[in-house]
Protein chains: 2
Amino acid sequence: MNTQQQHLDSKKSCAHDFQVSCGNCRLNSICLPFSLEARDVDELDRIIQRSKPLQKGHHLYREGDGFQSVYAVRAGTLKAYQTTDDGREQVTGFYFPGEIVGMDGISKNVHASSAKALETAAVCEIPFASLERLSATMPQLQRHFFQLMSREITEDQQLITLLSKSSADERVAALIVSVSARNARRKLSATQFRLSMSRVDIGNYLGLTVETVSRVFSRMQKMDVLRVDNKEIEILDLDALQRLAEGA
Amino acid sequence: MNTQQQHLDSKKSCAHDFQVSCGNCRLNSICLPFSLEARDVDELDRIIQRSKPLQKGHHLYREGDGFQSVYAVRAGTLKAYQTTDDGREQVTGFYFPGEIVGMDGISKNVHASSAKALETAAVCEIPFASLERLSATMPQLQRHFFQLMSREITEDQQLITLLSKSSADERVAALIVSVSARNARRKLSATQFRLSMSRVDIGNYLGLTVETVSRVFSRMQKMDVLRVDNKEIEILDLDALQRLAEGA
DNA sequence: CGGCGACTTGAATATCTTCAAGGGGGGTGG
DNA sequence: CCACCCCCCTTGAAGATATTCAAGTCGCCG
């Protein structure tokens, strides 16, 4: 890819770039550029702003902030959460590299949730107005973004089903399986990884208390399905875990 | 609106039309045409297919069906639901007139859920390929559809919060408040209406058993917040109900 | 080294579910 | 037109699951 190589070179000259371009990003096959032609990727590249790393605990945006952009996660993990009227927090999702966060702000031009880095993270900012403009001329991009939003919908609905129908064991199993699958998608180990989120966040996300999450981990360890060492997870029996997640 | 009147007349000549056009639809201010100019509405009109009524219990589409279109509800109520691997059903949403159903199919070109009429219903079918094409030339339509999808995301996330954090009373109260608000949006009574869904569907949607839903209704009746007569609901104290929904 | 936050574990309690039984309304067929 | 049946809804009592409260451990950062 000659054009990509040129891009790479031209960008390297700028000391403020933290990553070069979508064209040579390790994640481009699962991220927004997916299914775009090389020349279209370059166009997309031009509207994307790569910012400096986001420190652990810092916010990408907050509930109520004006909506300007969606963000592709490049490194690290984010959590999205809402605060209820009475001050409680609800984690609505975790976002891994290659995934898009911030689409909840489109509807009202205001972010409906906050996004916070669970560990040092990096994101690509995609100004939504530019994305809309580009989408009008690039049908594939328009389609792909529709698909990404639709995927967010179906994933939320899966979580709804999980919260509505499943026991504590099933919920935790489903989360671990999900993290495992998303790791595999990025060519990382599906069976050994570090959970970037705390037990509190997990419980919050799954509608359980910390204590319950902890107990479930212990139980699964006793069943030789998992090996848990603080945040380090090793899946010993992925099949069993999947069966658990589906309510066996 | 002269163009609308013409439209109306020209359509009336066709005996198979069940409704005339977006231009004179009672719901156009809350439905897809929202924020479009009159001439754009006409263009939208041309791609929309108005079908004959959908009988109670019949499916608009089923999980696994190829995705072709999204649908605007014109009359009646639909429920969307998924079937889990072990055969259980999860209701993921109720759809009232003016609302769009079927967006979950965009992501994989296959419907991720089924949609079924809870009472005799009518829908406007919007072929998605045409909508995409039109969106490329009508920025407002593109934007509005992005917004509708984003709204579905934020609504799903609200349901997630409800399922994750709220007691049975709060869940039921929230549903009633939601139905009330959606009625008001259509200029119907916010305090008196007929619930088109069964207790089973309500429980399924809210992650509760039928019995629990029934008990909650009874309790609220005793508290003089609601008057419940089978499916007929009268809200006696909307404030109290809202406070309940927010966890008072 | 000290302290604080995150995690684990146990016992008591609450909420919701499950199981069981009965009432009522609408539709169908006699 | 009435009777019957089926489905939906309601209510009660027993039981299960997760929460709450409480205490203690572990690891990390200052």
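Residue numbers begin at 1 in each chain, while the letters A, B, ... track the order of the sequences.
- Between B:K222 atom NZ and D:dT10 atom C1' the separation is 11 Å, expressed in whole Å.
- Using a 4.0 Å heavy-atom criterion, one finds that B:V213 contacts no nucleic acid atom at all.
- In this structure, of D:dT19, D:dT10, C:dC7, it is C:dC7 that holds the atom nearest to the side chain of A:K231.
- The distance from atom CG of A:L226 to atom P of C:dT8 is 12 Å, rounded to the nearest whole Å.
- A salt bridge is absent between A:K56 and A:E119; no separation between the charged side-chain nitrogens and carboxylate oxygens falls under 4.0 Å.
- Residue-level contact check: B:T212 touches the bases, meaning some heavy atom is under 4.0 Å from a base atom.
- The side chain of B:R199 contributes an N or O atom lying less than 4.0 Å from OP1 or OP2 of D:dT10.
- For B:N230, the listed nucleotide lying nearest its side chain is D:dC9; candidates were D:dA18, D:dC9, C:dT8.
- Checked for salt-bridge contact, A:E89 and A:K116 miss the test: no charged N lies under 4.0 Å from a carboxylate O.
- What separates CG of B:L206 from P of C:dT15 is a distance of 18 Å, to the nearest Å.
- Summarising the geometry, the separation between NZ on A:K165 and C1' on D:dT17 is reported as 16 Å, rounded to the nearest angstrom.
- The one candidate from A:I202, A:V225, A:I235 that meets the side chain to side chain contact (heavy atoms under 4.5 Å, CB included) condition with A:I176 is A:I235.
- With C:dT17, C:dT9, D:dC9 as the candidates, the nucleotide lying closest to the side chain of A:E211 is C:dT9.
- Each of A:F67, A:Y81, A:F128 was evaluated against A:H111; a single residue qualifies, A:F67, per the ring-ring contact (aromatic ring centres under 6.0 Å, His included) test.
- Between the CG atom of A:L162 and the C1' atom of D:dA18 there is a distance of 15 Å, given to the nearest Å.
- Within the nucleic acid shown, A:S214 comes within 4.0 Å of at least one base atom, counting heavy atoms only.
- The base of D:dT20 lies close enough to the side chain of A:R215 for a donor and an acceptor atom to sit less than 3.5 Å apart.
- If you check every strand for non-hydrogen atoms under 4.0 Å, B:G207 touches sugar and phosphate atoms only.
- We find that CZ of B:R194 is positioned 9 Å from P of C:dG26, with the value rounded to whole Å.
- The separation between B:E232 atom CD and C:dG26 atom P is 11 Å, rounded to whole Å.
- The shortest side-chain heavy-atom distance between B:L118 and B:L78 does not fall under the 4.5 Å cut-off.
- Among C:dC16, D:dT19, C:dT8, the nucleotide with an atom closest to any side-chain atom of A:T209 is D:dT19.
- Regarding A:M197, its CE atom lies at a distance of 12 Å from the P atom of C:dC7, rounded to whole Å.
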